[in-house]
Amino acid sequence: MALAPVELWPASASAYAREIDRLIWSYTGLILFLAVPIIACLVVFAIRYRRGSDADRSNPPVHGLRLELAWTGLPFLATLVFYFWAADLYSRQWVPPKDTLDIAIVAEQWMFKAEHPGGQREIDELHVPAGRPVRLVMTSQDVIHSFYLPALRLKQDVLPGRYTTLWFEADTPGTYALRCAEYCGSEHSAMGGRFVVLSPKDYAAWLATFSVDRTLAQEGEALFRRLGCSGCHGARSVARAPSLAGISGKPQPLADGSIVIADEQYVRDSILQPKRQVVAGFAPIMPSFEGQIGEEDLVRLVAYVKSLADASAEAAPPGAAVEPPR
Ligand code: HEC
Ligand SMILES: [Cu+2]
């Protein structure tokens with residue numbers, strides 16, 4: 001496994017990363033601007049007023065309201081600017097744009113597995129197209145890991161039992177480091193690999209080098225039949241179960257009167273803990289699939305439910321609603 005050599009300052013591969021760098025350097029500048037005069041005064045006064053020096057000690061000033069207001073107020077305002085700047089950058093990280101390319105990441109000791117929507121899989125490498133927002137939906141098969149892309153200045157914990165997400169838009173093709181940033185066992189330090197940003201053309205060519213016969217959603221559809229989900233959720237089923245067509249990303253009214261957004265986490269929870277969030281108007285007859293479906297298969301099932309775009313999708317031929325890799 002080829003790891004990038006240690007760098008003093010990692011390359012940056014997105015506008016966001018460059019803005020983080022600007023923030024860091026500006027803040028460093030401000031801290032120097034505030035600290036250097038204090039240290040200089042400290043040194044000068046320590047020498048000037050050392051014991052035994054003949055400096056003038058008569059009539060010492062005891063108060064200077066304006067000076068005190070200035071040295072309190074100005075640094076306060078200057079650092080407050082950074083609060084808003086940093087909060088803006090941080091919050092932008094929580095609102096992915098619409099129409100992201102969603103890639104699933106499943107971590108385990110000691111590797112990261114990535115699954116692209118077209119069904120292409122890679123281990124300890126992540127290939128993404130430049131200039132397109134990418135959203136990672138991540139989970140862990142064992143302990144807590146952390147997905148770290150230094151070139152994007154982004155890091156997100158990857159947790160067992162739930163999905164965390166990370167979105168970015170890389171703009172500089174190249175090969176960068178991919179690291180695990182959470183101590184996760186004896187081989188943690190070697191966990192990671194390469195993060196490869198490709199031009200959209202090269203990304204399409206890279207996807208085409210795989211011989212996959214099914215997209216992620218199509219694999220999910222096969223599972224959906226094999227596990228018996230379609231027996232209840234299918235159009236011709238006798239059990240009374242909600243149609244899953246078109247629920248993805250939409251508000252779902254629940255039996256307890258609350259409303260949740262049917263995101264990846266919701267679909268995952270619905271499969272593993274169906275009694276926890278029961279759909280309004282339905283009896284809680286769905287069995288739990290806890291312990292029966294591995295993380296990678298869950299990712300596929302979730303991709304399948306997401307691909308059921310609208311109410312007519314269930315009648316469509318297999319895979320018809322699947323987004324082709326762009
Ligand atoms: C025995 C029938 C049955 C089987 C088998 C079944 N389900 Fe369900 N499912 C239901 C019922 C009934 C509900 C609505 C009540 C609830 O939320 O528990 C439901 C709810 C759901 C929901 C939430 C739907 C919504 O509209 O918010 C999802 C997602 C789901 N099931 C997925 C699956 C998947 C995936 C499988 C196969 C691994 C599966 N189900 C197997 C009966 C079933
Ligand atoms: Cu790890």
Side-chain angles (χ1 to χ4, degrees), residues 1 105-113 123-124 138-148 155-160 163-164 178-193 217 219-256 258-295 297-308 310-311 313-314:
M1 179 172 44
I105 304 286
V106 176
E108 66 171 80
Q109 286 167 324
W110 287 274
M111 63 176 93
F112 289 114
K113 294 176 279 187
I123 291 180
D124 284 342
M138 308 188 287
T139 189
S140 167
Q141 241 161 279
D142 39 48
V143 300
I144 299 177
H145 300 273
S146 176
F147 198 84
Y148 179 30
K155 194 191 290 183
Q156 170 63 53
D157 274 8
V158 180
L159 308 169
Y163 289 137
T164 53
L178 158 63
R179 311 286 311 135
C180 177
E182 178 77 49
Y183 180 69
C184 58
S186 59
E187 278 166 54
H188 157 73
S189 62
M191 182 165 168
E219 288 178 18
E221 182 174 22
L223 279 167
F224 197 74
R225 298 192 189 293
R226 213 177 69 217
L227 294 164
C229 320
S230 54
C232 289
H233 289 286
R236 283 178 300 279
S237 106
V238 275
R240 238 178 66 76
S243 160
L244 302 182
I247 65 163
S248 176
K250 306 269 162 52
Q252 283 293 299
L254 300 183
D256 63 5
S258 62
I259 292 177
V260 292
I261 299 291
D263 56 5
E264 288 95 350
Q265 182 73 44
Y266 170 78
V267 174
R268 179 202 159 88
D269 290 347
S270 294
I271 299 170
L272 299 182
Q273 304 164 22
K275 306 262 178 310
R276 223 181 72 183
Q277 291 175 310
V278 175
V279 183
F282 291 89
I285 55 163
M286 174 165 162
S288 163
F289 288 83
E290 184 94 65
Q292 297 172 43
I293 310 178
E295 288 302 339
D297 281 348
L298 278 169
V299 159
R300 294 177 187 126
L301 282 169
V302 170
Y304 171 63
V305 173
K306 261 166 70 176
S307 76
L308 298 171
D310 58 72
E314 257 182 337

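Indexing begins at 1, ligand by ligand and atom by atom, following the structure's order. As the structure is a computational prediction, the values presented were derived from the model and not from experiment. Count residues from 1 along the sequence.
Ring planes of Phe224 and His233: tilted class, angle from 30 to 60°.
Taking all atoms of both residues into account, the shortest heavy-atom contact from Met191 to Ala107 is CE-CB, 4.3 Å. Minimum heavy-atom separation, Ile259 to Pro251: CG2-CB, 3.6 Å. Closest of all the heavy-atom pairs between Ala262 and Gln252 is CB-CG, 3.7 Å. When all heavy atoms are compared, the tightest approach of Cys232 to Ala241 is O-CB, 3.4 Å. The two atoms that bring His188 and Cys180 nearest to each other are CE1-O, 3.1 Å, heavy atoms only. The minimum heavy-atom distance between Tyr148 and Ala181, with the atom names listed, is CB-CB, 3.7 Å.
Heavy atoms of Ser230 come nearer than 4.0 angstrom to ligand 1 in no pair at all. Ligand 1 lies out of reach of Val305, whose nearest heavy atom is not under 4.0 Å from it. By the 4.0 Å heavy-atom criterion, Gly231 is excluded from the residues contacting ligand 1. Residue Lys275 places no heavy atom under 4.0 Å from ligand 1. Look at Tyr304 and you'll find every heavy atom at least 4.0 Å from all atoms of ligand 1. Residue contacts with ligand 1 do not include Ala262, since none of its heavy atoms lies under 4.0 Å from the ligand.
Counting heavy atoms only, Pro274 comes closest to atom 18 (O) of ligand 1 of the residues Gly220, Ser243, Pro251, Pro274. Closest heavy-atom approach to atom 11 (C) of ligand 1 among the candidates Gly281, Pro242, Ala255, Gly228: Pro242. The nearest non-hydrogen atom to atom 26 (O) of ligand 1, considering only Gln292, Gln252, Arg225, comes from Gln252. The residue from Ser270, Ala241, Ser248, Gly246 that puts a heavy atom closest to atom 29 (C) of ligand 1 is Ser270.
Of the possible polar contacts, none joining the Glu108 side chain to the Asp142 backbone as a donor-acceptor pair under 3.5 Å is found. At least one donor-acceptor pair closer than 3.5 Å links the side chain of Ser288 to the backbone N or O of Leu272. A donor-acceptor pair under 3.5 Å is formed between the side chain of Asp124 and the backbone N or O of Phe112.
Within the 4.0 Å heavy-atom criterion, the part of Leu244 lying near ligand 1 is the side chain and not the backbone. By the criterion of a heavy-atom distance under 4.0 Å, the side chain of His233, and not its backbone, is placed next to ligand 1. At a 4.0 Å heavy-atom cut-off, ligand 1 touches Cys229 through backbone and side chain alike. Under 4.0 angstrom from ligand 1, the non-hydrogen atoms of Val279 come from both its backbone and its side chain.
Per-residue contacts place Ile285 under 4.0 angstrom from the following atoms of ligand 1 (heavy atoms of the residue considered): 1 (C), 12 (C). Close contacts of ligand 1 with Ala283, meaning ligand atoms under 4.0 Å from a residue heavy atom, involve 12 (C), 15 (C). Taking a cut-off of under 4.0 Å to the non-hydrogen atoms of Gln277, the atoms of ligand 1 that pass are 17 (O). Of all atoms in ligand 1, numbered sequentially from 1 with element shown, those under 4.0 Å from a heavy atom of Tyr266 are 23 (C), 25 (C), 27 (O). Close approach to Phe282 involves these atoms of ligand 1, each under 4.0 Å from a residue heavy atom: 14 (C), 15 (C). Taking every heavy atom of Arg240 and a limit of under 4.0 angstrom, the matching atoms of ligand 1 come to 12 (C). Of all atoms in ligand 1, listed by their number and element, those nearer than 4.0 Å to a heavy atom of Pro287 are 1 (C), 4 (C). The atoms of ligand 1 that sit less than 4.0 Å from any heavy atom of Val278 are 15 (C), 16 (C), 17 (O).
Distance check for Met286 against atom 8 (Fe) of ligand 1: an N/O/S atom falls below 2.8 Å. For the Cu ion (ligand 2), the set of nearby N, O or S atoms under 2.8 Å includes none belonging to Ser146.
Considering Asp157, Val158, Val143 in turn, Asp157 is the only one that fulfils the side chain to side chain contact (heavy atoms under 4.5 Å, CB included) rule with Glu182. Of the residues listed (Lys275, Gln277, Arg276), the one engaging Gln273 in a side chain to side chain donor-acceptor pair (under 3.5 Å) is Arg276, and it is the only one.
Considering only non-hydrogen protein atoms, atom 4 (C) of ligand 1 sits nearest to Cys232 SG, 3.4 Å.
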Take Phe147 and Leu178, measure what side chain to side chain contact (heavy atoms under 4.5 Å, CB included) needs, and give me the verdict at the end.
-> CA-CA 8 Å; Phe147 198 84; Leu178 158 63; 3.3 Å; yes
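The minimum distance between the Cu ion (ligand 2) and any N, O or S atom of His145 involves atom ND1.
A salt bridge is defined here as a Lys NZ or Arg NE, NH1 or NH2 lying under 4.0 Å from an Asp or Glu carboxylate O, and Glu264 with Arg268 fails to meet this definition.
Atom OG1 of Thr139 and atom CD1 of Ile105 lie 11.5 Å apart (nearest 0.5 Å).
Side chains of Glu187 and Gln109 form no contact here, defined as non-hydrogen atoms less than 4.5 Å apart.
Vertex the Cu ion (ligand 2), arms ending at SG of Cys180 and SG of Cys184: the angle is 120° after rounding to 10 degrees.
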